[in-house]
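Read through the structure below, which is laid out as C-alpha cells, and then see the notes.
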Amino acid sequence: MRDFKLRVLALILFAFGLGLCIYKVNVFGLPLQPGQDEEVWTVQARIAFKGSGKPTKVQFAIPHEAPGFVTLDEDYISGNYGLAVESERENRWANWAVRRANGPQTLYYRISIARDQNSNEMTGGSQPPFPEAPFYPEPYNSAIKAILDDVRLESADIATYTRELLIQLNADKPNENVELLRGRANNDEAWVFEISEVLKGARIPNRILYGLELNESVNNAQLKPWLQVHNGKRWLSFNPLTGQPGLPDNFLVWRIGGGPLVWVEGSGAAEVVFSAARNYREIVDIARKRAERMGSSLVDASLFNLPLETQNVYRVLLMVPLGALLVVILRNVIGIRTFGTFMPVLIAMAFRETQLLWGIILFTVMIAIGLSIRFYLDRLMLLLVPRLASVLIIVVIMMILISILTHQFGGTRAMSVALFPMVIMAMTIERMSIVWEELGAGDALKEGAGSLFTAILGYMLMTNETLNHLFFVFPELLFCMLAVTLLFGRYTGYRLTELWRFRAALKFEPPESKS
Amino acid sequence: MITWARRLRERGIVGINQRNAEFIMPYNPRNQFPLVDDKLRTKNLAIENNIAVPELYSTVEIEHDVHTMLDTLKHYSSFVIKPNNGSGGNGVLVIGSRIGSHFCKASGVIVGGEQIKRHASNILSGMYSLGGVPDTAIIEYRVESDPFFDSISYQGVPDIRVIVFRGVPVASMLRLPTRDSDGKANLHQGAIGVGIDISTGVTRSGVRANDMTKVHPDTLQPIDGLQLPYWETIMILAARCSEMVGLNYIGVDIVIDRTKGPLVLELNARPGLNVQLATGRGLLFNLRAVEAMENIPKSAEERVALAREKLG
C-alpha cells in the first residue's frame, strides 16, 4: 500500500516535471540542445525627404502583429524628432514630429524578428462587413460582370473562387474582358488594387497586405502587395499575381489595407526603402522574447531573470541533484562503497575547477601524501579533533606547495586548486586511514577507488553540456529527478555487488517449493 | 546477471536493500535504536530484566577518569575495555592476565599501563564510535570461553549470533575466531561462520571467506554436527532481548562463559546478512513465515518452542 502511494506520488511528480518541460519546448520553443542558433532578421526602413524648414510631421506605418514572427527588438533612429507610436485596428504608426526640418532628412525604423511557428495565424479577425459593389462605368461594368460569371461557374467556395479569379485575371493569354481591365492599371500595385475592386464587385470581403519577402537580397526594396479574402471564418492569403494560396515563407506583413505607407506634413514627399539582413541569435533568447510576448509568467519565474552571478551559481547547483542520484544508483543498486555519502559529489564539483585529469592527479597525490603523514601522526597518539585539525593544516600546506611548484613550471591549472575543498580532503584522509587501520589496506583502497570512480562519473555527468543546459532551462526536471530518487528509495532488489558477495549461496540447495 | 539474482531469490537470500526497506524500517522503531547502540544502556536494561550479561566493572567517561582507572582495576587480573558506541568489534582490548605492572593481552602481547590508559583515552575521543563523537569506555568482565569451544576456536571467544524477528529466533550462527581474524569473531575479518540448526542447536558446516569448510583451519577439528550446550537457554535469552528493547528485528550476540553460562554480549539493530552464508539458507523464508503469523505467543519460552517446531 505504501509502495502504491509512493508510485502514485512519483508518477505525479514525474508527469508534472516532464509536462512542464514539454510545454515549454512546444509553446515557447525552448531548445533541448545547448547552443542552438536561430535565424534573426533585422529589417530596416529608411525614410528620406527634403525638409522645408517648417514644422514637419511624419506618419509611417510599422509592422503590428507580424504573423509568423516574433519581434525581438525595435529601434527608432530619428535624431531630434519627437516620437509617438500609436496603433489603430490592425495597423501601427510611428509619428515623428520636429519643429524645424531643414535640408535632407533621414529617419530609420529598425525591427529584429525571428520566425515563430506558433503565431502563424493572423489574429484579430472579426468578421468584416460585406463590401459594397463599386460603381464602374461601361464597358468595364459588363466586362467585370462577364469575368465574375465565368469564375462563378468554375468555383465552389470563396477560396476556389478567388483562386480561379486570380488565375483568369493573370492569364498569359487573357480574354478581351481581362485585357480591358488590365488597361486600367499601369503597375503591379495598381493592378492588385484593381483586383481587390473586382472582388468587392463579387461582394467578397478582401484586403491588401503590404509586406517584405525576407531573403538575403532584400536591399533597397519596396513593399509587395498581397491579397487576402475572408471566407467567413478567417483570412485566406493569395498571391495576387499568380493565385498561389498562402503567404510566402519569411513574408513580413508590414501593414494591412490601402492608404499611404508614409505621410509627411509640412515638407516634401518622402521616399521609403527597405533592407533586410540575416544574423543568428541563441534560441533561448528568442524563446524568452516569445514567452514575454505571450505574457507567460512561467518565463518571468525562470532562472534567466536572476542576476548573472546567481545564474552561474545555479548552473553548478542544479547539477548537484544529478550527482546525488548517481550516488544513489551506485550505492544502492550497484553497491559501490564510497567515503561519506555525498563526498564524491563534492569531489566531482572540485574537478570542475581543475579539469578532470589534473583533478584526479591532485586528488590522488594529496590523499597519498596526506595518508602517509596521517599514519605518522597516529604514532604520536593524538586525540581525534586535534588530529583532524593537523591533517587539515597539512592539506592546506600541500595545496600551497603544489600551487607554487606548478606556477614555477608555468602551469596555470594549479591556481584553481584553491577551491579544492580542503575540509573534504582532510575528512577523506581521516576516514581512509581509519578504514585502513580497522579493516585493512584492501578495504581502504577499495573505498578510495570507489569514491574516485564515483567522483569521475559524477564529474562527467555534471559537466555534460546538454544536461547542464537541460537543467538550467528546464529546472522543473528536478521533479522528475525527485520522482526517480523516491522510487529508488523503495528498491529492495539485490545490489550488483551482493550477487558476488552471496555467490557462495548459489551452492545451496534451493528449498523444496512449499506450496 | 538477472538469472544470478533470480537464483539468489529462489534461495531466499535477503539483500541489504530488502533488509533495510522491508524489515528494519517497518519493524524497528527508530527511537529504540539508542537502547542497542549504547551498550551501557543495554547492559543496565538487561540487568533490570534478569538477562545474564558480563559484569560491568567500571566506566571511563571523562579524561580525568583515565588517570585513576588503573587503581579501579587493581582487583581484576582480566578484563575487557571497549567503546560504548563502537561497532564491529573495533576498539575492543582484551586483557587476559597481569604480569607484574604489565598486562597480557588475550593474544599474548604484553602491554604497559600507559598503553591501556591511551586506549581508553582514544575511546573517549571518539576514535571508535560512529561519526567520531566522544564516547565512553566500558570495562567489564572478561568472558572465558566454555571448554566446549576449546577444540574449535583460536584464541578469542566464539559467539553465537541469533537473528530474532518479532521475538521469534529465525536463524543462528556460531562465529569462531581464527588466527587470521586476530581472535575477533567478525566474519569479514576472517572468522568462520558456522550455521546452527535452530530446532536442535546442532552445528552445520561453516563458511570462511566464501568457502565451505567442515574443519577449523587452525585446530583442524571438525566443526559440523556438534551439539551446542545451553541451546534452549540461548534461544530464550535471545527472544527475551527482543522484547526488552522493543525492536522486532535484531541480532543478539551471546557468548558461553566457562562458569556463568550464556551471557548476552551485545544487541544489533541492523544485523548483518552473513548469517545466510553460514547457515546455507536465505533468511527470507523464515522471515516471511514469522511475518505471516497472526498470533505471536507472549512468553519467550513459547516463542522459542514455536521456532524449534515450525522453522528449519
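Only this structure's heavy atoms are used, side chains among them; waters, hydrogens and symmetry mates stay out.
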Using atom types as modelled, flag every donor-acceptor pair under 3.5 Å from a side chain in residues 382-392 of chain A to any protein atom, sequence neighbours excluded.
from: A/R387; atom 1: NE; to: A/E430; atom 2: OE2; distance (Å): 3.4
from: A/R387; atom 1: NH2; to: A/E430; atom 2: OE2; distance (Å): 2.9
from: A/S390; atom 1: OG; to: A/P386; atom 2: O; distance (Å): 2.6

Under the ring-ring contact (aromatic ring centres under 6.0 Å, His included) rule, what do A/Y494 and B/W4 come out as? Steps first, then yes or no, please. CA-CA 10 Å; A/Y494 298 113; B/W4 205 336; over 10 Å; no

Where does the angle between the aromatic ring planes of B/H67 and B/H64 fall among parallel (under 30°), tilted (30 to 60°) and perpendicular (over 60°)? perpendicular

Honestly, the part of B/R9 sitting under 4.5 Å from a heavy atom of chain A is both

From the list B/N20, B/N122, B/L273, B/V207, the residue making the most non-hydrogen contacts under 4.5 Å with chain A is B/L273

Given that the side chain runs from C-beta out, which part of B/L124 has a heavy atom under 4.5 Å from chain A: side chain, backbone, both or neither? neither

Using the ring of B/F33 (Phe, Tyr or Trp, six-membered ring only), decide whether B/R30 places NZ or CZ under 6.0 Å from its centre and within 45 degrees of its axis. yes

